[in-house]
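A short worksheet on the structure shown next.
Computed from a prediction, not measured in an experiment: that's the story for all the values here.
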Amino acid sequence: MRRRTFLSASAAAGFALSGKVAKAATGSDLPKRVLGKTGEKLTIIGQAGGRFPMCSFEDAKAITLRAYELGVTYFDCARIYWNGRSEEAYGAVLPPFRKNIFLTSKSPERTRAGAEADLAKSLRALQTDHLDLWQIHQVQSLEEVQQIFSPGGAIEAFEAAKKAGKCRFIGFTGHHDPDVHLAMLHHYDKFDTILMPLNPADPSYLSFEKNVLPVAVERGMGIQAIKGTANAALLSNFALRECLNYVLSLPITCLALGCTTIGQIEDDVRIAQRFKPMAETEMADLRRRGARVAGPQLENWKKNTQTGRAGRHLDGSLG
C-alpha cells in the first residue's frame with residue numbers, strides 16, 4: 001500500500017462546520033491504549049500537524065475534521081509547525097469537540113520566558129484554555145539539555161504551566177540522538193510522556209528502540225512514536241501496513257502520523273482498526289529488511305555519525 005495523495009470525495013465536497021456538528025466514530029472502531037501513568041486512553045494512532053505545510057489550509061482543516069469523524073482522539077502539534085498555521089488549523093476545527101480529544105503541542109524554546117511566550121501563542125491559536133500535553137520539542141544536544149535545566153530554563157515554564165492548569169501533563173520530544181533522550185531522562189524523573197522515532201530501520205542505526213524505549217517502559221511513561229514510515233522513505237521497500245503494524249507492536253501508546261490528504265488518514269485508520277500484534281519472528285524479519293536501507297541517508301533527522309549533522313524537515317525545522 002502506498003500513501004494516497006488525493007483528497008477523498010468528502011474533502012472535494014468542501015469543508016464546513018456551520019449548520020452541522022461532526023460526529024465521531026464509535027470508540028470501539030479504533031483501538032485505544034493507556035498513556036502510561038497518566039491513565040488517559042488514546043487511540044493507537046493520531047493526527048500530527050507537522051506536514052500540513054504540504055497541503056492548503058483548507059485541506060488541513062478537512063483532514064483534521066475527517067480524523068475526528070473516524071474516531072481519532074489524539075491530535076499532535078507544535079508551535080513551530082508551519083509558523084503556527086498548523087495550530088490555527090486545529091483551532092479552526094477542534095474547539096466544538098475539545099472534551100472528546102487529547103490535544104498536544106510543543107515548544108522548541110530553551111528558556112522559561114521563551115517557552116511561556118510559546119504557550120500563550122499556542123493556546124490562542126488552538127482556541128483552548130489548556131493543553132492535555134505540552135512538550136519540550138526537538139531536544140538535539142547535551143548543550144540544550146543543560147539550557148533546559150539551568151536557572152531560567154524551559155523546564156521552569158513547563159512545571160509552572162502544569163501547576164497552573166495550563167497543561168495537564170508534560171513531556172519531551174526529539175529524534176536526533178538517543179543519548180540526548182537518555183540525558184533528559186537522567187536529569188528529570190517527572191516527565192509524564194516521551195516521543196521518539198520508531199520504525200523497522202531504527203534498530204540498525206542510532207536506535208531509539210534499543211536504547212530509549214526500554215527505559216521509558218520501565219518508568220511507566222506514556223510513549224508516543226513518530227516517523228513510522230521514515231517520512232515515507234520506507235514505502236519503496238515496505239508496505240504501509242508493515243510499517244504501522246511494526247511500530248504498533250512495540251510497547252508504545254500511540255503513533256502520530258502526518259497525513260496530508262484525507263485518503264491517507266482513512267488508510268491509516270483502516271490499518272489501525274484491523275491491527276493485530278506481530279509475532280517476534282515477523283518483527284525480526286522486518287528489522288532485517290530495514291537493516292539493508294538503514295542509516296543517516298534514510299533517517300536524515302538523526303545525527304550523522306560521520307558529520308554530526310542532521311537533515312532538514314519538510315517544514316523547514318532542523319531535526
Side-chain angles (χ1 to χ4, degrees), residues 36 50 78-81 104-119 133-162 167 169-199 201-227 230-231 252 256 294-313 315-319:
R79 175 91 289 259
I80 62 171
Y81 291 164
T104 84
S105 197
K106 320 178 192 82
S107 170
E109 295 292 330
R110 303 300 180 233
T111 66
R112 175 171 185 164
E116 287 179 338
D118 265 4
L119 179 58
L133 171 63
W134 190 34
Q135 298 160 99
I136 302 172
H137 192 34
Q138 287 186 337
V139 186
Q140 295 195 116
S141 68
L142 297 178
E143 290 76 17
E144 291 179 29
V145 176
Q146 292 297 329
Q147 288 178 314
I148 289 164
F149 292 102
S150 294
I155 192 63
E156 295 179 6
F158 282 77
E159 290 181 327
K162 187 174 181 180
C167 65
F169 308 112
I170 61 174
F172 74 94
T173 83
H175 34 60
H176 186 62
D177 184 348
D179 286 341
V180 174
H181 264 50
L182 294 174
M184 289 288 287
L185 293 172
H186 175 76
H187 273 76
Y188 196 75
D189 63 1
K190 298 177 184 177
F191 286 119
D192 299 300
T193 69
I194 189 170
L195 181 150
M196 68 187 82
L198 297 168
N199 60 64
D202 168 84
S204 296
Y205 181 72
L206 290 179
S207 178
F208 286 81
E209 178 183 333
K210 289 181 178 179
N211 297 306
V212 182
L213 185 59
V215 179
V217 170
E218 183 179 2
R219 289 197 182 186
M221 301 178 76
I223 302 169
Q224 306 153 91
I226 56 171
K227 302 191 184 298
N231 287 352
I252 66 166
Q297 288 72 38
L298 178 84
E299 295 185 288
N300 62 7
W301 51 86
K302 287 183 179 178
K303 180 175 68 174
N304 188 317
T305 54
Q306 296 178 343
T307 67
R309 300 178 64 186
R312 184 173 293 272
H313 292 295
D315 66 357
S317 60
L318 288 173

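For Ala183, the side chain to side chain contact (heavy atoms under 4.5 Å, CB included) partners are Leu142, Val145, not counting sequence neighbours.
Ion pairing of Lys302 with Asp202 is present here, as a side-chain N (NZ or NE/NH1/NH2) and a carboxylate O approach within less than 4.0 Å.
Separation of atoms OG1 (Thr305) and CG (Leu206) is listed at 6.0 Å; rounding is to 0.5 Å. In this structure, the separation between CD on Gln135 and OG1 on Thr193 is 4.5 Å, given to the nearest 0.5 Å. Atom CG of Leu198 and atom CD of Glu209 lie 6.5 Å apart (nearest 0.5 Å). The distance from the CE atom of Met184 to the NE2 atom of His181 is 8.5 Å, given to the nearest 0.5 Å. The CZ atom of Phe208 sits 10.5 Å away from atom NZ of Lys227, with the distance rounded to the nearest 0.5 Å. To the nearest 0.5 Å, atom NE2 of residue His137 and atom NZ of residue Lys106 are 5.0 Å apart.
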Verify side chain to side chain contact (heavy atoms under 4.5 Å, CB included) between Phe172 and Ile194, making sure each step is shown before the conclusion. CA-CA 5 Å; Phe172 74 94; Ile194 189 170; 3.6 Å; yes
For side chain to side chain contact (heavy atoms under 4.5 Å, CB included), just list the numbers for Ile80 and Gln138, CA-CA rounded to whole Å, side-chain angles, deciding distance to a tenth of an Å, and then say yes or no. CA-CA 11 Å; Ile80 62 171; Gln138 287 186 337; 3.8 Å; yes
Full working for side chain to side chain contact (heavy atoms under 4.5 Å, CB included) between Met221 and Leu185: CA-CA 11 Å; Met221 301 178 76; Leu185 293 172; 3.7 Å; yes
Could you walk me through whether His187 and Gln146 satisfy the side chain to side chain contact (heavy atoms under 4.5 Å, CB included) test, starting with their C-alpha distance in whole Å, then the side-chain angles of each, then the deciding distance to 0.1 Å, before giving a yes or no? CA-CA 9 Å; His187 273 76; Gln146 292 297 329; 3.6 Å; yes
Go through the steps for Asp179 and Lys303 under the test salt bridge (Lys or Arg N to Asp or Glu O under 4.0 Å), then give the verdict. CA-CA 11 Å; Asp179 286 341; Lys303 180 175 68 174; 5.4 Å; no
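The shortest heavy-atom contact between Leu133 and Gly171 is CD1-N, 3.9 Å. For the residue pair Glu116 and Ala157, the shortest heavy atom distance occurs at CG-CB, 3.6 Å. Smallest separation of non-hydrogen atoms from Ala115 and Ser107: CA-OG, 3.8 Å. Taking every heavy atom of both residues into account, Arg112 and Ala160 meet most closely at NH2-CB, 3.6 Å. Contact record, Asn211 with Pro214: C-CD, 4.1 Å, taken as the closest heavy-atom pair. Closest approach of Pro197 to Gly174, counting heavy atoms only: CD-O, 3.5 Å.
Classification of the Phe149-Phe191 ring pair by plane angle, with boundaries at 30° and 60°, yields perpendicular. Ring geometry for Phe158 against Trp134 counts as parallel: the plane angle stays under 30°, on a 0 to 90° scale with 60° as the upper cut.
Residues Leu119 and Ser105 fail the side-chain proximity criterion, which asks for heavy atoms closer than 4.5 Å.
Remark: side-chain polar atoms of Asp192 are paired, donor with acceptor, to backbone N or O of Ile170 under 3.5 angstrom. No donor-acceptor pair closer than 3.5 Å links the side chain of Ser150 to the backbone N or O of Gly153.
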